[in-house]
Asker: 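Mind looking over this structure? Questions follow.
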Amino acid sequence: MSSTQTVSPPGAPPTKTGPSLVGRVLTTPTVGPLIFLVLAIAFFSIKSSAFLTGGNLSLIVQQVMVVGTLAIGQTLIILTAGIDLSNGAVMALGQIVIAKLAVDSGLNPILAILLGLAATTAFGLANGSLVTGLRLPPFIVTLGTLNIAFALTHIYSNDQSITVSSSTLTFFGKTFPLGGTDVTYGSVFMIALYVLAWYVLKYTASGRHVYAVGNNPEAARLTGINTRKLLLTVYATAGLIYGIASLLSIARTNVGDPNAGQTDNLDSITAVVLGGTSLFGGRGSVIGTLIGALIVGVIRSGLQIVGVESIYQVLITGILVILAVALDQLSRRRTA
Amino acid sequence: MTSSRDSTAAPKPVLQARDLVKRYGSVTAIDGADFDLLEGEILAVIGDNGAGKSSLIKALSGAVIPDSGEILVNGSPVTFHSPIDARKYGIETVYQDLAVAPALDIAENLFLGRELRRGGPLGSVFRLLDRKRMVDESREHMANLKIGIKSMKQAVETLSGGQRQGVAVARSAAFARNVVILDEPTAALGVKETGMVLDLIRQVRDRGLAIILISHNMPNVFEVADRVHIHRLGKRAAVIRPHEFSMNDAVAIMTGAMVGEHIEGAPEVPAAADSPRA
Ligand SMILES: Nc1ncnc2c1ncn2[C@@H]1O[C@H](COP(=O)(O)OP(=O)(O)OP(=O)(O)O)[C@@H](O)[C@H]1O
Ligand SMILES: [Mg+2]
């Protein structure tokens, strides 16, 4: 039973040529979304001269700031083959905690922020504990915590918005000039979070383990990865990121609004999917999610500038989501 | 009828189990099983579906914690709480259902769970992986086993079944210092790819490691194994040498048509392997 036909002759160095550069670029999951984003920007720039201006681009980034930040946590969870329906509600709760404590209770704003972050992180930990401890499906767990966070938000706030004026709480809404355009600190902070998440996911062992767990949880466990601890860390980190989104939301609107973020859970999933990350877990990238969030922002702003009714923006986003998932499915079938 | 192996000093047992029991609710997957693996040998483990082969090797590799019984490495009792514990004793396992992460590339799969980090603050503070070293070492391991795969940066899902299994075997072989356990590594493979994996197994054995090979493929088992452990109803029914028994005998013992005790006392079973219970 010789099998020399499939092995290289002894002593022959293995050839180094992998997939070609072009091949590798084309199979990188973020390339499709990126091309689409560039085309969308080009399209609207041709349609209207008001689109491709520094001011408008800065506005688009501001508009996607909160959902874009939530989508980082959503990406982490989806990469582990989970899903988080609670993030918008948890973000709203974080906002109310921060605003209530800082404005109504007169707490030091920094302390209020820390307690808000603690609240959203606790929700993330609760999601993670229920998923890993009781082995409940993430969809159901986060549907439950979505409702709990929503109810707590409304009970605690008495259904009232809280206007915020503290310059600490609104810092991320302030702007600085960059190349003739005013850019908010919040936009820069969101991008920085993306870069950090990208680095951790791509270049550290923990990041690669996130992919492994989403890809083949049993294999990950058998290689000695502590999969429970990893999942718990992912959900808690997502919770912390939602708290940052709370702060960005307050800074952008100057209020703690109990009704904020009600569609943000689905919007963040939309960004993840448009960015080429697979809902089955284990494949995708957080940079894709940023591109996905920007695609939604660009289409929304572009159609608005061109004068299309806003309901068509929703229609087009819906079609894009289905297209993106269909493409993911097709490419999976091809490689399976 | 003594083989050349027996004429030298008797080979030492490297991995043993005594009276292992593992229950899942009302199912007793391991029912007082004994087990002996000798240095430098390929020991095949055969048995019907559900006989408890996978459960046994999961206990031997730390993936499952037995309810009772004893595991010995090089003659000393050990307790495994996880696959990492077994690994510390140089025991590496390729589990039944292709334990790879298909979307990750070859180098990432080889080093999964024991990634190499850069030296200095880049590694200790920024946790930066040493991708280059992992890719280079992967290429070396794969070349040592003569697995002809070009790029270590290729996702495992783009490989053929045999190549994937090659990656799984290479991972175990690269890190094992003592024992490599393979649970049905050729189950999903064609003839050519099976041949490739069997060749790999021999190469690993020739590098001095002891190998446990679980397989349902009798011709394969009889081709590569030095000894065959026959498992039946959660315990060892017999251990035979392939050149002294026919495949039909092995199947008969496996199914209970031939009584195991009958064979147990055969000279090819080393003294240490004789369990008082059988
Ligand atoms: N995690 C588990 N939970 C419950 N029962 C289990 C579990 N693992 C194994 N079993 C049961 O233990 C018995 C032995 O299973 P095991 O997988 O060890 O058999 P096997 O000899 O490897 O079979 P096969 O040849 O089909 O791989 C079976 O009855 C099986 O259903
Ligand atoms: Mg089995």
Side-chain angles (χ1 to χ4, degrees), chain A residues 1-20 23-24 27-29 79 81 196 199-227 230 277-278 280-284 331-332 334-336, chain B residues 58 61-63 82-84 87 93 95 97-105 108-109 111-117 126-129 131 139-140 142-143 145-155 157-158 160 162-163 166 168 171 191-200 219-220 223-224:
Chain A
M1 170 95 40
S2 158
S3 63
T4 35
Q5 58 279 59
T6 49
V7 299
S8 43
T15 31
K16 271 196 181 183
T17 50
S20 72
R24 235 181 302 162
T27 52
T28 303
L79 281 175
L196 181 65
Y199 174 84
V200 171
L201 283 172
K202 197 165 161 62
Y203 292 105
T204 73
S206 308
R208 302 321 289 167
H209 293 174
V210 168
Y211 283 84
V213 164
N215 209 218
N216 188 345
E218 186 62 5
R221 187 185 73 84
L222 291 172
T223 57
I225 295 170
N226 187 339
T227 54
L230 186 79
T277 292
S278 167
F280 298 95
R283 291 151 218 272
S331 69
R332 278 170 61 83
R334 237 192 348 211
T335 52
Chain B
K58 279 189 176 157
S61 67
S82 79
I84 300 179
R87 229 187 257 166
T93 309
Y95 292 96
D97 16 46
L98 285 178
V100 290
L104 299 187
D105 68 28
E108 287 176 325
N109 265 288
F111 283 92
L112 193 58
R114 50 188 142 209
E115 290 82 359
L116 305 176
R117 268 192 263 135
F126 295 100
R127 325 299 287 175
L128 183 62
L129 291 173
R131 177 93 175 123
R139 190 176 293 122
E140 214 179 295
M142 299 292 274
L145 291 171
K146 305 193 182 67
I147 305 172
I149 298 176
K150 293 170 215 146
S151 170
M152 296 301 119
K153 298 176 184 170
Q154 209 172 335
E157 65 198 349
T158 63
S160 74
Q163 290 174 321
R171 174 167 72 193
V191 174
K192 189 176 111 180
E193 298 195 311
T194 298
M196 173 182 149
V197 171
L198 293 184
D199 271 3
L200 271 180
N220 286 171
E223 186 193 326
V224 297

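Each chain gets a letter, A, B and so on, in the order its sequence line appears, and its residues count up from 1. No hydrogens, no waters, no symmetry mates; every other heavy atom, side chains included, goes into these values. Bear in mind the structure is a predicted one, so any value in this text is a computation, not a measurement.
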Asker: Flag the one option from B/Gly166, B/Ser82, B/Pro102, B/Gly113 with the top tally of heavy-atom pairs under 4.5 Å to chain A.
Answerer: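 When all of B/Gly166, B/Ser82, B/Pro102, B/Gly113 are compared, B/Pro102 has the most.
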Asker: Against chain A, label B/Arg114 side chain, backbone, both or neither, depending on which of its atoms sit under 4.5 Å from a heavy atom there.
Answerer: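 It is neither, since no heavy atom gets under 4.5 Å.
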Asker: Using heavy-atom distances under 4.5 Å, tell me whether B/Ile84 contacts chain A through its side chain, its backbone, both, or neither.
Answerer: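 For B/Ile84, the contact with chain A is made by the side chain alone.
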Asker: Please find the pair of heavy atoms, one from B/Pro83 and one from A/Arg221, that lie closest to each other, and give the distance.
Answerer: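 Answer, listing the atom of B/Pro83 first, then A/Arg221: CG-O, 4.4 Å.
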Asker: Answer with side chain, backbone, both or neither: which region of B/Phe111 has an atom nearer than 4.5 Å to a non-hydrogen atom of chain A?
Answerer: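 When you check distances to chain A, no heavy atom of B/Phe111 falls under 4.5 Å.
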Asker: Can you tell me how far CG of B/Leu128 sits from OG1 of A/Thr204, rounded to the nearest 0.5 angstrom?
Answerer: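 Here the interatomic distance stands at 9.0 Å.
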Asker: I need the minimum non-hydrogen distance between A/Gly282 and B/Ala103, along with the two atoms involved.
Answerer: O-CB, 3.8 Å
Asker: Rounded at 0.5 Å granularity, tell me how far CD in B/Glu108 sits from CG in A/Asn215.
Answerer: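 Answer for the CD-CG pair, B/Glu108 versus A/Asn215, is 10.0 Å.
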Asker: Using non-hydrogen atoms and a 4.5 Å limit, figure out which bit of B/Arg117 sits close to chain A: side chain, backbone, both or neither.
Answerer: neither
Asker: Side chains of B/Leu112 and A/His209: does their closest heavy-atom pair fall under 4.5 Å?
Answerer: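 Counting from C-beta outward, B/Leu112 and A/His209 do come under 4.5 Å.
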Asker: Does any heavy atom of chain B fall under 4.5 Å from the side chain of A/Leu222, the backbone, both, or neither of them?
Answerer: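 Contact with chain B involves both backbone and side-chain atoms of A/Leu222.
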Asker: Minimum heavy-atom separation for B/Val100 to A/Asn216, with atom names?
Answerer: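 B/Val100 and A/Asn216 have their closest heavy atoms at O-ND2, 2.8 Å.
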Asker: Take a 6.0 Å sphere around CZ of B/Phe126 and say whether it holds more than 12 heavy atoms from other residues, nucleotides or ligands.
Answerer: no
Asker: Any idea which of A/Ser206, A/Ala220, A/Gly224, A/Pro217 has the most non-hydrogen atom pairs under 4.5 angstrom with chain B?
Answerer: A/Gly224
Asker: When rounded to the nearest 0.5 angstrom, what distance separates CG in B/Asp105 from CZ in A/Arg208?
Answerer: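 Separation between the atoms: 7.5 Å.
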Asker: What's the spacing between B/Glu115 CD and A/Tyr203 OH if we round to 0.5 Å?
Answerer: 15.5 Å
